[in-house]
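Along the sequence shown, the residues carry numbers beginning at 1. Note that the structure is predicted; figures quoted are calculated from it, not measured.
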Amino acid sequence: MTIAPFPKAGLEAMLTSDNCALILIDHQPFQANGVKNIDVGLMINNVVALAKTAKAFGVPTLLTTVIKDRGGDIFKPLQDVFPDQVPIDRTAINTWEDAACVEWARKTGKKKLVFAALWTEVCLAFPVIHSLADGYEVYFVTDASGGTTQESHEMGIQRMIQAGAVPLTTIVFMSELQRDWARADDAAKTAEIILEHGGASATALAWELQLMAGAHAKAA
């Protein structure tokens, strides 16, 4: 099957809160135990930040697990972002072979799908490649995903890019949705997520806020 490539340049290639949906796949203890390309704590930090960003901007988000009775429940900090959502539990390794997941995506009405998953080379690559063939514009978040080896992670990324998907990172997703710092209400939500999950950027932002508070106090 030949699939027409979707635009990867220009404004319409950018993600917005209105044009995309997020699918988070198998962020569970068993899968995390096999992740070797990234520190697991950092990966969890990133996927929670990704989920909080989606929630802050009203992006439809799906949580899904594979055989949770064996692999475990979704990480608590991630589930806590969407406490009322019951993740779809699958038996299919490829999420896009699960009818409930595909139907969820269809009902969002979004043409752009953003994925993150454990593991990169399998549970991320399979649905990314499959959903491209169904006409979706597909993006995947590399630092909220993880592979069983560095090579596996990198080969999974290459395979998805060759299929036509677009890689990005958590901070890119956040920045693309924020887009303009003049949107003060959104900027406040973005800043809160950065302060909680931004690492070195959080430290710099906290310092800047401290300086600004001091300047305002002196002016008063």
Side-chain angles (χ1 to χ4, degrees), residues 1-6 15-32 34-35 43 47-48 50-55 57-76 78-142 144-148 152-153 156-157 159-168 173:
M1 174 184 259
T2 301
I3 304 298
F6 64 84
L15 298 169
T16 72
S17 57
D18 296 323
N19 70 12
C20 70
L22 177 66
I23 300 178
L24 301 177
I25 300 170
D26 302 351
H27 290 88
Q28 302 166 254
F30 177 85
Q31 281 78 1
V35 170
M43 180 273 297
V47 75
V48 173
L50 185 68
K52 287 183 177 180
T53 299
K55 185 173 184 178
F57 284 90
V59 173
T61 302
L62 176 67
L63 305 177
T64 181
T65 57
V66 61
I67 316 180
K68 71 172 182 176
D69 289 343
R70 300 180 194 174
D73 293 331
I74 281 178
F75 307 138
K76 186 178 184 300
L78 177 55
Q79 181 68 72
D80 286 348
V81 180
F82 300 100
D84 298 326
Q85 182 177 155
V86 177
I88 294 176
D89 192 43
R90 320 175 322 277
T91 59
I93 295 173
N94 176 8
T95 299
W96 215 248
E97 291 184 56
D98 185 279
C101 294
V102 175
E103 180 63 10
W104 178 91
R106 186 192 67 79
K107 285 183 176 179
T108 69
K110 310 299 183 184
K111 67 176 183 176
K112 297 180 188 288
L113 298 180
V114 182
F115 289 89
L118 304 181
W119 300 314
T120 309
E121 66 271 27
V122 179
C123 296
L124 180 59
F126 291 4
V128 163
I129 293 166
H130 196 163
S131 59
L132 279 165
D134 284 346
Y136 288 96
E137 300 177 11
V138 183
Y139 302 73
F140 59 96
V141 186
T142 57
S145 305
T148 54
S152 295
H153 181 71
I157 289 172
R159 185 181 183 190
M160 290 182 282
I161 291 173
Q162 288 179 6
V166 177
L168 62 151
F173 182 76

Min side-chain heavy-atom separation T120-T142 under 4.5 Å
no
Side-chain contact test, heavy atoms from C-beta onward, threshold under 4.5 Å: evaluate it for F140 versus I161 and give yes or no.
yes
Taking only residues two or more places apart in sequence or in another chain, which ones pass salt bridge (Lys or Arg N to Asp or Glu O under 4.0 Å) with D80?
K76
Students often mix this up, so state it plainly: with edges at 30° and 60°, are the rings of F30 and W119 parallel, tilted or perpendicular?
tilted
Could you list the residues that satisfy side chain to side chain contact (heavy atoms under 4.5 Å, CB included) with S17, not counting sequence neighbours?
F57, V59
Using side-chain heavy atoms (C-beta onward) and a distance below 4.5 Å, is I74 in contact with K68?
no
Applying side chain to side chain contact (heavy atoms under 4.5 Å, CB included) to K110 and not counting sequence neighbours gives A21, P60, T108
May I ask you to test the I25-P127 pair for a side-chain heavy-atom distance under 4.5 Å?
yes
Qualifying residues under ring-ring contact (aromatic ring centres under 6.0 Å, His included), relative to F75, sequence neighbours excluded:
none
Identify, with sequence neighbours excluded, every residue that meets side-chain hydrogen bond (donor to acceptor under 3.5 Å, both in side chains) alongside H130.
N94
Residues two or more places apart in sequence or in another chain: which of them pass salt bridge (Lys or Arg N to Asp or Glu O under 4.0 Å) with K52?
E196
Please determine whether side-chain contact (heavy atoms from CB on, under 4.5 Å) holds for the pair L168 and L15, giving the CA-CA distance in whole Å, both sets of side-chain angles, and the decisive distance to 0.1 Å.
CA-CA 11 Å; L168 62 151; L15 298 169; 4.0 Å; yes
Once side-chain hydrogen bond (donor to acceptor under 3.5 Å, both in side chains) is applied, do any residues pair with T64, and if so which ones, sequence neighbours excluded?
R90
Not counting sequence neighbours, which residues clear side chain to side chain contact (heavy atoms under 4.5 Å, CB included) with V122? List them please.
I93, F126
Find out whether L132 and W96 are in side-chain contact, i.e. whether some heavy atom of one side chain is under 4.5 Å from a heavy atom of the other.
no
By side-chain hydrogen bond (donor to acceptor under 3.5 Å, both in side chains), which residues pair with E103, not counting sequence neighbours?
R106
Candidate list E121, Q31, H153, test side-chain hydrogen bond (donor to acceptor under 3.5 Å, both in side chains), partner T148, passing option:
E121
Could you pull out all residues at least two apart from T65 that satisfy side-chain hydrogen bond (donor to acceptor under 3.5 Å, both in side chains)?
D89
Under the side chain to side chain contact (heavy atoms under 4.5 Å, CB included) rule, collect the residues that match up with E137, sequence neighbours excluded.
F6, P7, K111, K112, Y139
